[in-house]
Amino acid sequence: MAKKNKKIEIEDHIVETRPAIKEPDKVRLWVRSGGRCAICNKYLLDLNYDVSIGEMAHIVGWSKANKSPRGEAELALDARNTVDNLMLLCADHHKIIDTKELLEEFTLDRLMQHKADHEKRIHHLTDLQIDSESVVLRMLGGIRGATVEVSKEHARNVVFNSERKFAMFINSFDKHGIEIDLKAMPEPEDNWEGYWSIGQGIIDRSLRPLIEGVDKGQVRHLSVFAMSRIPLLVYLGYKLDDKIPTSLYQKHRGDQETWMWSEEAKTETFEVVKLKENATQNVALILSLSGSINPNELPEEILESCNLYEIRPIEATPNRDILKSKASYENFSKTYHGFLSQLEISHKSCKQINLFPAIPVTAALACGRGLMRDAQPAITVYDRSGTIYKPALTVNSK
């Protein structure tokens, strides 16, 4: 038996079937939407079966019948099947926006805004050149019982708003970029030497895809989001080196927690102060940025055998927001690396710097990055354990 066409009433006349969307409008919709759902951004090609799973949805229903979602809107019928009235959606969101009980939420204005925002974003991102990509690296670990997260979406927004770059999460569509997960590690007091050794091993293994990407020329820019114990941040900075351009971010607290640098925060400057002179070539350096370190709390053997220096803010008391602006971070980095360069003149025979840091995340990364492996001393980073400072790990050792 032949199947009868369903008759549909449109205004004052009847058609045998629903009007087809013209091929040029289909192509324009898929291109403008980037092959992704305009609401959830889901990729609408099934990579396992190589088939399309996208659906073309009407914003204003294709007829003015009562059951046509938003069909009562003032839009000419001959304009309802064109690209400007269509959204590319996944099956789930197509059903959601056309569900009767949800029509008050998914209004004409809201859907039009969704469509415009999504297509504008797709146009911008696909217009970026290859050097406008930045590979995202996240290293997150517990800090004295507290854990910190940075979502993929927030990282993407920070990279775009800060650098006008597209956050690239390498390996596949589903991977979250280079992730160094230290959250499962116990507190270092449980096994001091083992903790730092395990942490370095995790960092080394996690960086292999990045190193491979750099060697192949696939990684031209890096965006780093990190939160962990300071010595491991210094080690990460050392492993990253400065071979490729890198943007560093840290979490800023306040009314709205974000990893974005502040454009309004005061630009801080820093100075190097010599606290104690010793008739040796040994050097110890205190970094008093996020807090102040009392020199008298340093190990006795350090005080007795080292020339003691301190880097601190010039016109501010050390505090956790001292590096709220990118310019402040850059000033610290210049001061720190300037100090290392000066040591090549004032302490030519210095083989090791004992580092006592009270510093924000990005300053710790800067302490490891850019070290001259053949010319500058090794750096032993100390961390506080209870009321005393203990050596954690050494970078740049010969």
Side-chain angles (χ1 to χ4, degrees), residues 143-144 188 192 196 228-238 248 250 268-324 328-347 349-371 376-397:
I143 305 177
R144 294 180 172 84
W192 187 263
W196 305 110
S228 183
R229 298 289 284 252
I230 294 300
L232 291 177
L233 292 166
V234 175
Y235 183 75
L236 174 63
Y238 179 72
L248 306 179
Q250 66 187 35
E268 304 290 353
T269 55
F270 303 88
E271 62 180 351
V272 178
V273 179
K274 191 168 188 177
L275 301 180
K276 183 180 179 181
E277 187 168 355
N278 198 299
T280 70
Q281 291 296 304
N282 300 328
V283 172
L285 175 62
I286 293 173
L287 300 178
S288 295
L289 273 69
S290 54
S292 298
I293 294 179
N294 184 346
N296 295 326
E297 295 181 353
L298 270 55
E300 187 175 344
E301 62 270 20
I302 295 294
L303 293 174
E304 292 178 351
S305 65
C306 292
N307 294 278
L308 183 60
Y309 295 86
E310 182 181 37
I311 295 180
R312 61 194 182 196
I314 293 178
E315 296 181 350
T317 301
N319 65 89
R320 67 181 186 179
D321 293 325
I322 197 72
L323 297 188
K324 203 155 190 176
S328 296
Y329 153 73
E330 291 172 343
N331 284 342
F332 164 76
S333 184
K334 290 176 183 177
T335 304
Y336 171 78
H337 287 284
F339 169 77
L340 296 184
S341 298
Q342 181 61 35
L343 286 186
E344 298 175 35
I345 301 173
S346 59
H347 299 283
S349 302
C350 177
K351 303 297 183 184
Q352 177 177 300
I353 300 171
N354 299 284
L355 187 67
F356 297 86
I359 52 179
V361 166
T362 50
L365 293 165
C367 287
R369 289 192 74 225
L371 292 177
Q376 293 177 329
I379 297 178
T380 294
V381 188
Y382 284 70
D383 199 27
R384 197 177 186 98
S385 176
T387 59
I388 63 173
Y389 285 95
K390 299 169 62 175
L393 54 83
T394 300
V395 298
N396 207 36
S397 58

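- Here the CG-CZ distance, from Leu287 to Arg312, works out to 12.5 Å after rounding to the nearest 0.5 Å.
- By the 4.5 Å heavy-atom criterion applied to side chains, Lys276 and Pro295 are not counted as neighbours.
- Residue Cys350 comes nearest to Pro377 through the heavy atom pair O-CG, 3.6 Å, listed as atom of the first residue, atom of the second, then distance.
- Rounding to the nearest 0.5 Å places CG of Leu393 at 10.5 Å from CD1 of Ile379.
- Ser333 places no side-chain N or O within 3.5 Å of a backbone atom of Tyr329 that could act as its donor or acceptor partner.
- Closest approach of Trp192 and Ala392 over heavy atoms only: NE1-CA, 4.1 Å.
- Residues Phe332 and Pro360 form no side-chain contact, since every pair of their non-hydrogen atoms from C-beta on lies 4.5 Å or further apart.
- Within the 4.5 Å cutoff, side-chain heavy atoms of Phe270 are placed close to those of Ile322.
- For the atom pair OG1 (Thr335) and CG (Leu340), the distance works out to 11.0 Å, reported to the nearest 0.5 Å.
- Within the 4.5 Å cutoff, the side chain of Phe339 has heavy atoms near those of the Val283 side chain.
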Start with the C-alpha distance between Gln376 and Ser341, add both sets of side-chain angles, then the distance that settles side chain to side chain contact (heavy atoms under 4.5 Å, CB included), and finish with yes or no.
-> CA-CA 8 Å; Gln376 293 177 329; Ser341 298; 4.3 Å; yes
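- The CG atom of Asn354 lies 3.5 Å from the CD1 atom of Ile302; values are rounded to the nearest 0.5 Å.
- Here the shortest heavy-atom pairing between Ala378 and Ser397 reads CB-CA, 3.7 Å.
- Scanning both residues, Pro357 and Tyr382, for their nearest heavy atoms gives CD-O, 3.4 Å.
- Side-chain N or O atoms of Asn307 include one that pairs as donor or acceptor with a backbone N or O of Thr280 at under 3.5 Å.
- Put simply, the residue from Asn282, Asn396, Thr380, Thr394 that forms a side chain to side chain donor-acceptor pair (under 3.5 Å) with Gln352 is Thr380.
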Does the side chain to side chain contact (heavy atoms under 4.5 Å, CB included) test come out yes or no for Val234 and Ile230, once each step is laid out?
-> CA-CA 6 Å; Val234 175; Ile230 294 300; 4.3 Å; yes
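- Between the Ser328 side chain and the Lys324 main chain, no donor and acceptor come within less than 3.5 Å of each other.
- Although no hydrogens or angles enter the test, the distance criterion places a donor-acceptor pair under 3.5 Å between the side chain of Tyr336 and the main chain of Cys367.
- Side-chain contact between Tyr309 and Ile353 is absent, with no heavy atoms from C-beta onward closer than 4.5 Å.
- Between the Gln250 side chain and the Leu323 main chain, a donor and an acceptor come within less than 3.5 Å of each other.
- Counting heavy atoms from C-beta outward, Ile286 and Leu298 have side chains that approach closer than 4.5 Å.
- At distances below 3.5 Å, at least one donor-acceptor pair connects side-chain atoms of Ser346 with backbone N or O atoms of Gln342.
- The neighbour count for Glu300 CD, taken as heavy atoms of other residues, nucleotides or ligands under 6.0 Å away, does not exceed 12.
- Distance CD/Glu297 to CG/Leu303: 10.5 Å, rounded to 0.5 Å.
- In this structure, the separation between OG1 on Thr362 and CG on Leu248 is 6.5 Å, given to the nearest 0.5 Å.
- Applying the ring-ring contact (aromatic ring centres under 6.0 Å, His included) criterion to Tyr235, with sequence neighbours excluded, gives no partner residue.
- Not a single donor-acceptor pair under 3.5 Å links the side chain of Asn296 to the backbone N or O of Asn294.
- Looking only at side-chain heavy atoms (C-beta outward), Leu285 and Val272 stay at 4.5 Å or farther from each other.
- Using a 4.5 Å heavy-atom cutoff, the side chains of Ile293 and Tyr389 are in contact.
- A donor-acceptor distance shorter than 3.5 angstrom exists from the side chain of Asn278 to the backbone of Glu304, with no hydrogens or angles considered.
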